[in-house]
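Here is the structure we will look at, set down as structure tokens.
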Amino acid sequence: MFKTRLISGILLVAAALLLIISGGYILYFTMLALSLIAAGELYLATGVRGEKTFGLMDTVGYLAIVIFYLALLFLPSSLHLMAVIIGFFMIMFVYVFSYPKYNAFQSMATVFSIIYCGIMLSCIYQTRMLPGNGQYLVWLIFICAWGCDTCAYCVGMLFGKHKMAPVLSPKKSVEGAIGGIAGAVIIGIIYALFTKGSVSHYAIICAAGAFISMIGDLAASAIKRNMNIKDYGKLIPGHGGILDRFDSIIFTAPIIYYLSIMLIY
């Protein structure tokens, strides 16, 4: 299992390097595909769709995510929210006119997928495409998520005493969380020095991103526990599905994107 997980992790890092360095349409269509796969995992977990069949509700959910991505490509940012609202209306249309085929929970889970799997994941692409420094800022997403996770694990193993979320994740500690945030900030500062970025801005962005990445990790775990599943999928050997591997990144990406706009642009 460890060997499989290690090999998959190396391949994931290599793929991330290739895709993010490429940017443009390659990254755009990759993120669209990942968003749709992630949505499918969420639909299975929440009962919006069955194991082998596609239904009207999840089909409209996929379409809503595609509409949002098309808005990113062809519409000004002032109209992106309109694309989300159109997706919401489509889902509510199916809910109302197919009633009682789908319940309120399934409908809300489908709306949730637009934000969770569509908008938030797309922020990786949006950050990469920021003019000028986007090619450097996008890596802060991974520094915050994976850097924080690694540092939190190491500090937690050595010094962890106080449980951060004892019921949801008994192994995570307050000391580990502090170490994770501090570690992400240090890595961010080193990265700023190498890329000639603003040390203070990168430190603030990494601190906020690292903190929210832990919320993303715990949120994904909470959903799995509520749905009584171990993993969202089996796409990535040793890691599970897209939502299992990208749980913290999904939360970190929009924080990095908007803080970059606020502090740097």
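- Rounding to the nearest 0.5 angstrom, the gap separating the OG atom in Ser107 from the CZ atom in Phe88 is 9.5 Å.
- A ring-centre distance under 6.0 Å is not found for Phe54 and Tyr43.
- At distances below 3.5 Å, not a single donor-acceptor pair connects side-chain atoms of Tyr202 with backbone N or O atoms of Leu140.
- With values rounded to the nearest 0.5 angstrom, Met31 atom CE is found 11.0 Å from Cys117 atom SG.
- Not one N or O on the side chain of Glu41 forms a donor-acceptor pair closer than 3.5 Å with the backbone of Tyr232.
- Aromatic ring orientation, Tyr99 versus Tyr95: perpendicular (interplanar angle above 60°, classes split at 30° and 60°).
- The number of heavy atoms from other shown groups lying within 6.0 Å of CE (Met262) does not exceed 12.
- Considering only heavy atoms from C-beta on, Phe112 comes within 4.5 Å of Leu42 through its side chain.
- To the nearest 0.5 angstrom, Tyr25 atom OH is 13.5 Å from Leu32 atom CG.
- No donor-acceptor pair under 3.5 Å is formed between the side chain of Arg128 and the backbone N or O of Val138.
- Atom CD1 of Ile91 sits about 10.5 Å away from atom CG of Asp58, to the nearest 0.5 Å.
- With Tyr102 contributing its side chain and Met57 its backbone, the two residues share a donor-acceptor pair below 3.5 Å.
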Enumerate, atom names and distances included, each donor-acceptor pair closer than 3.5 Å involving a side-chain atom of residues 155-170, sequence neighbours excluded.
unit_1: His162; atom_1: ND1; unit_2: Glu175; atom_2: OE2; d: 2.5
unit_1: Lys163; atom_1: NZ; unit_2: Pro170; atom_2: O; d: 2.9

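- When hydrophobic clusters are built by joining Ile, Leu, Val, Met, Phe, Trp and Tyr residues whose side-chain heavy atoms come closer than 4.5 Å, directly or via intermediates, Leu44 is not grouped with Val48.
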